[in-house]
Asker: 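Below is one structure. I have some questions about it.
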Amino acid sequence: MLNECSHVIAPHGAGLPNIIYCNPGTKVLEILPYTWTNVIYWIYAEYQHLEYSVFLAGDKNAQPDGYLDYHIDLGSLKEFIIKSEF
């Protein structure tokens with residue numbers, strides 16, 4: 001299915017390795033909480049020649065914890081998508 005996509009928006013997680021099936025030039029937007037940094041899917045995207053971006057969501061002041069629940073401000077996400085020409 002991802003082989004036919006021009007854009008992929010997904011939260012960080014176990015489904016994102018499937019971007020290896022995307023065609024070169026596919027735009028990928030990964031949603032990460034401010035409290036979690038992980039570059040593995042950026043590396044996958046570079047290898048596949050994908051256009052990778054990351055959107056940081058949640059509370060900027062939260063304690064670092066990779067398993068912390070976080071919310072996505074849809075207005076901020078929309079603004080990010082427009083500004084980044086995603």
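Sequence positions, counted from 1, serve as the residue numbers for this chain.
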Asker: Please check if L56 and F80 belong to a single hydrophobic cluster, counting links between Ile, Leu, Val, Met, Phe, Trp and Tyr side chain heavy atoms closer than 4.5 Å.
Answerer: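 No, separate clusters.
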
Asker: According to a 4.5 Å side-chain heavy-atom criterion applied to Ile, Leu, Val, Met, Phe, Trp and Tyr, with indirect links allowed, do L74 and L29 form part of one hydrophobic cluster?
Answerer: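 Yes: a chain of side-chain contacts under 4.5 Å links L74 to L29.
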
Asker: Roughly how far, to the nearest 0.5 Å, is the CD1 atom of I31 from the CZ atom of F55?
Answerer: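 Rounded to the nearest 0.5 Å, the CZ-CD1 separation comes out at 7.0 Å.
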
Asker: Which heavy atom in I9 sits nearest to a heavy atom in I81, and how many Å separate them?
Answerer: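 Taking every non-hydrogen atom into account, CD1-CD1, 4.0 Å.
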
Asker: Tell me whether I72 shares a hydrophobic cluster with V8, the cluster being built from Ile, Leu, Val, Met, Phe, Trp, Tyr side chains joined at under 4.5 Å.
Answerer: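 No, it is not one cluster - the side chains of I72 and V8 are not joined through contacts under 4.5 Å.
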
Asker: For D73, what residues pass the side-chain contact (heavy atoms from CB on, under 4.5 Å) criterion, not counting sequence neighbours?
Answerer: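 side-chain contact (heavy atoms from CB on, under 4.5 Å) list for D73, sorted by chain: S76.
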
Asker: Take H12 and N38, measure what side-chain contact (heavy atoms from CB on, under 4.5 Å) needs, and give me the verdict at the end.
Answerer: CA-CA 9 Å; H12 178 83; N38 190 313; 3.7 Å; yes

Asker: Linking I/L/V/M/F/W/Y whenever any side-chain heavy atoms sit under 4.5 Å apart, do V39 and V28 land together?
Answerer: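 Same cluster.
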
Asker: Could you list the donor-acceptor pairs under 3.5 angstrom formed by side chains in residues 41-54, with sequence neighbours left out?
Answerer:
{"residue": "Y41", "atom": "OH", "partner": "G13", "partner atom": "O", "Å": "3.0"}
{"residue": "Q48", "atom": "NE2", "partner": "I20", "partner atom": "O", "Å": "2.7"}
{"residue": "Y52", "atom": "OH", "partner": "E30", "partner atom": "OE1", "Å": "2.4"}

Asker: Write down the atom of T26, the atom of C5, and the distance for their closest heavy-atom approach.
Answerer: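 Looking at all heavy atoms of both residues, the shortest contact is OG1-O, 3.4 Å.
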
Asker: For the side chain of N3 and the backbone of C22, is there at least one donor-acceptor N/O pair under 3.5 Å apart?
Answerer: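 Not at all, since once roles are kept as given, no pair shorter than 3.5 Å links the two residues.
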
Asker: Hey, any chance Y34 and L32 share a hydrophobic cluster, counting ILVMFWY side chains that come within less than 4.5 Å of each other, even indirectly?
Answerer: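 Yes, because Y34 and L32 connect within a single hydrophobic cluster, where side-chain heavy atoms sit under 4.5 Å apart.
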
Asker: Would you check if the side chain of H7 reaches a backbone N or O of F86 as a donor-acceptor pair within less than 3.5 Å?
Answerer: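 Yes; at least one donor-acceptor contact below 3.5 Å.
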
Asker: Looking at Y70 and P11, what are the two nearest heavy atoms and their distance?
Answerer: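 Closest approach of Y70 to P11, heavy atoms only: OH-CB, 3.9 Å.
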
